[in-house]
Novice: 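Could you have a look at this structure, given as structure tokens, before my questions?
Both counts, for ligands and for their atoms, begin at 1 and track the order of listing. Just so it is clear, the model here is predicted, and its values are computed rather than measured.
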Amino acid sequence: MTSVKTVHLSRTFKAKKKDGGGIVQALRDVSIEINKGEIFGVLGPNGAGKSTLIKILCTLLLPTEGKAYVAGYDVSRDYRKVQEKINMVSGGETSGYGLLTVRENLWMFSQMYNIPSKAAKENIDRLLKEFDLYEKRNERVRTLSTGMRQKMNMIRGFMTDPEIIFLDEPTLGLDVGASRIIRNFITEWIREHPERTVLLTTHYMAEAEELCDRIAIIDNGRVIALETPENLKKLVTTEFPFTMVATGVGHPERVRELVGNATWKENDEGALKFSMILEDESIIADLVSMIVEEKGKIIHITKREPTLEDVFIKLVGRGLD
Ligand SMILES: Nc1ncnc2c1ncn2[C@@H]1O[C@H](COP(=O)(O)OP(=O)(O)OP(=O)(O)O)[C@@H](O)[C@H]1O
Ligand SMILES: [Mg+2]
């Protein structure tokens, strides 16, 4: 079941004077379909169009061309319907009143969202505990750290129990602990509510890889790849670079009989260091039994896995940072 769909979606802006004026094409011909139950990631460098896409889907911006549907509703026409189904959290947002406490702020939001009092109270306390923020519930928001503030924003977003939640860089600038809590919450939430949908943007490759079922890589307003993390990594290599260090191997040339491209040299400890590229990982088993037959001893075998970073560099022509 589709929960978000865009059809030839484009958006332009008048460039700011300080950027030299003219037209900025923030999104170009973006057609994507996101299913219920998915954690869908949008990965791209600064200025790629990630926030523009999220803002259109949240009805904060109109498309210049093309269509976008959220929960089956047209974001341009049925924006009120869309608004009932969704919520949005941006990293680094400073919502709420600094003079109010965490709980008072969340209570205020629950009233803006028309959540009945009893349910709101229960929800807020439960979420405060899940985000490990319960101890801070009576602290004024202006005294909170960035991580604590972002946890509060997340609680604000999730307390309406949205059908679809949009998270724009939810862990931007947070430490390992706060990021971990937020990521775990997101995966748990989808696990418990498989009919919901998460669309998130991120700069962090590891985050996209860990969380997302599918990832759209966007650059310069255009979707240049859309795949599962595993398939994205297959784009960079179908081969496996290996090194193997072994001692007591009498006939290293036998390794070359197994793997034509194997090379080796002796290291300082007198062990042999083999380098090879395998087209098929299953050959490792043969390699190991061959060394054992030779009465050799394998010190280690290392394989470098392709990373999303490799994919990104190959597709975009530069790294993310
Ligand atoms: N209101 C606006 N007026 C003019 N240009 C804008 C406006 N909003 C976005 N842009 C431009 O559109 C392009 C896409 O911006 P967007 O904020 O969507 O990128 P992003 O991928 O979210 O980047 P970041 O990683 O920095 O958050 C950029 O070139 C940006 O300068
Ligand atoms: Mg952005």
Novice: How about atom 30 (C) of ligand 1: does it have a protein heavy atom within less than 4.0 Å?
Specialist: no
Novice: If you take the nearest heavy atom of each of Gly221, Ser51, Ser90, which one is closest to atom 22 (O) of ligand 1?
Specialist: Ser51
Novice: Output the list of atoms in ligand 1 that are nearer than 4.0 Å to some heavy atom of Ala48, sorted by atom number.
Specialist: 19 (O), 20 (P), 21 (O)
Novice: Could you list which atoms of ligand 1 come closer than 4.0 Å to a heavy atom of Thr52?
Specialist: 14 (C), 15 (O), 16 (P), 18 (O)
Novice: Between Lys5 and Ile34, is any pair of side-chain heavy atoms under 4.5 Å apart?
Specialist: no
Novice: Taking atom CD1 of Ile39 and atom CG of Leu211, what is their separation to the nearest 0.5 Å?
Specialist: 5.5 Å
Novice: With heavy-atom distances below 4.0 Å as the criterion, list the atoms of ligand 1 near Lys14.
Specialist: 4 (C)
Novice: For atom 28 (C) of ligand 1, grab the closest protein heavy atom and report residue, atom and distance to one decimal in Å.
Specialist: Gly47 O, 3.8 Å
Novice: Mark up the atoms of ligand 1 that fall under 4.0 Å of a heavy atom belonging to Val24, in ascending order.
Specialist: 11 (C), 12 (O), 29 (O)
Novice: Decide, counting backbone as well as side-chain atoms, whether Asn46 has an N, O or S atom less than 2.8 Å from the Mg ion (ligand 2).
Specialist: no
Novice: If you count every heavy atom of other residues, nucleotides or ligands that lies below 6.0 Å from Glu210 atom CD, does the total exceed 12?
Specialist: yes
Novice: Does ligand 1 have any atom sitting under 4.0 Å from a heavy atom of Arg11?
Specialist: no
Novice: NZ of Lys50 to NZ of Lys55: how many Å apart, nearest 0.5 Å?
Specialist: 11.5 Å
Novice: On the ring face of Trp264, is Lys273 found with NZ or CZ under 6.0 Å from the centre and within 45° of the axis?
Specialist: no
Novice: Take Glu209 and Lys233, measure what salt bridge (charged side-chain N to carboxylate O under 4.0 Å, His left out) needs, and give me the verdict at the end.
Specialist: CA-CA 10 Å; Glu209 182 161 1; Lys233 286 193 282 182; 2.4 Å; yes
Novice: Is Pro45 in contact with ligand 1, taking contact as a heavy-atom separation below 4.0 Å?
Specialist: yes
Novice: Within the protein, is there a heavy atom lying under 4.0 Å from atom 12 (O) of ligand 1?
Specialist: yes
Novice: Are Tyr79 and Tyr73 an aromatic pair, judged by ring center distance below 6.0 Å?
Specialist: no
Novice: Which of the numbered atoms in ligand 1 are under 4.0 angstrom from any heavy atom belonging to Glu169?
Specialist: 25 (O)
Novice: Could you check atom 25 (O) of ligand 1 against the protein and tell me its nearest heavy-atom contact, residue, atom and distance included?
Specialist: Lys50 NZ, 2.7 Å
Novice: Using every non-hydrogen atom in the two residues, find where Val24 and Ala15 come nearest and quote the distance to one decimal.
Specialist: CG2-CB, 3.4 Å
Novice: Could you list which atoms of ligand 1 come closer than 4.0 Å to a heavy atom of Phe13?
Specialist: 1 (N), 2 (C), 3 (N), 4 (C), 5 (N), 6 (C), 7 (C), 8 (N), 9 (C), 10 (N), 11 (C), 12 (O)
Novice: As an exercise, identify every atom of ligand 1 less than 4.0 angstrom from a heavy atom of Ala26.
Specialist: 12 (O), 13 (C), 14 (C)
Novice: Establish, for the pair Lys151 and Phe131, whether the NZ or CZ atom is under 6.0 angstrom from the six-membered ring centre and no further than 45 degrees off its axis.
Specialist: no
Novice: Where is the nearest protein heavy atom to atom 26 (O) of ligand 1: which residue, which atom, and how far?
Specialist: Asn46 ND2, 2.9 Å
Novice: Tell me whether Gly44 has any N or O atom under 3.5 angstrom from an N or O of ligand 1.
Specialist: no
Novice: Cation-pi between Arg156 and Phe158: NZ/CZ under 6.0 Å from ring centre and within 45° of the ring axis?
Specialist: no
Novice: Just heavy atoms, cut-off under 4.0 Å: does Ala15 contact ligand 1 by side chain, backbone, both, or neither?
Specialist: neither
Novice: Provide the closest heavy-atom pair for Gly98 versus Arg140 in the form atom of the first, atom of the second, distance.
Specialist: O-CB, 3.6 Å
Novice: Rounded to the nearest 0.5 Å, how far apart are OG of Ser90 and CG of Asp168?
Specialist: 5.0 Å
Novice: Can His203 be said to touch ligand 1, with heavy atoms closer than 4.0 Å?
Specialist: yes
